[in-house]
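Presented below is the structure to which this report refers.
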Amino acid sequence: MELSVYIHCVGDEAAALQFGVALRTASSWRRMERAPSPQQALKIVELSRGQIDWKGIYAPYARHRLRRAGKLSLPPARELQG
């Protein structure tokens, strides 16, 4: 599961308490303003009991940053052949 989706589902306050971070930190992760440090990511994986993994933390953040920089675009839609 993606970290931002997890935080959205449980709420910023609950995520902040669960992961032992400030409310502002959890909110910034949900909005993908910042990514957790590797130490924080390890704690998130452990405390979420594997619901969130490394890919769910860093891949969405990387895509978000690339899109904002205009360096990532969606591939063209393929036409269905019948």
Identify whether Phe19 and Met1 are in the same connected component of the hydrophobic contact network (ILVMFWY, side-chain heavy atoms under 4.5 Å).
yes

Can you name the residues that form a side chain to side chain donor-acceptor pair (under 3.5 Å) with Tyr6, not counting sequence neighbours?
Gln18

Separation of Ser37 OG from Gln40 CD (nearest 0.5 Å):
3.5 Å

With sequence neighbours left out, what residues match Ser28 under side chain to side chain donor-acceptor pair (under 3.5 Å)?
Arg34

For the hydrophobic clusters of this structure (ILVMFWY residues joined by side-chain heavy atoms under 4.5 Å, transitively), does one cluster hold both Leu66 and Leu3?
no

Can you name the one residue among Arg63, His64, Arg65 that meets side chain to side chain contact (heavy atoms under 4.5 Å, CB included) with Arg67?
Arg63

Which atom pairs, one a donor and one an acceptor, fall under 3.5 Å between side chains of residues 41-52 and the rest of the protein, sequence neighbours left out?
| from | atom 1 | to | atom 2 | distance (Å) |
| --- | --- | --- | --- | --- |
| Ser48 | OG | Ile44 | O | 2.9 |
| Ser48 | OG | Val45 | O | 3.3 |
| Ser48 | OG | Ile52 | N | 3.1 |

Between Tyr61 (side chain) and Pro36 (backbone), is there a donor-acceptor pair under 3.5 Å?
no

Is there side-chain contact between Ser4 and Arg31, with heavy atoms separated by less than 4.5 Å?
no

Shortest non-hydrogen contact between Tyr58 and Ala35, atoms and distance
CE2-CB, 4.1 Å

Does the Thr25 side chain pair with the main chain of Val21, one donor and one acceptor, at a distance under 3.5 Å?
no

For salt bridge (charged side-chain N to carboxylate O under 4.0 Å, His left out), just list the numbers for Glu33 and Arg24, CA-CA rounded to whole Å, side-chain angles, deciding distance to a tenth of an Å, and then say yes or no.
CA-CA 11 Å; Glu33 295 171 348; Arg24 176 71 179 111; 3.1 Å; yes

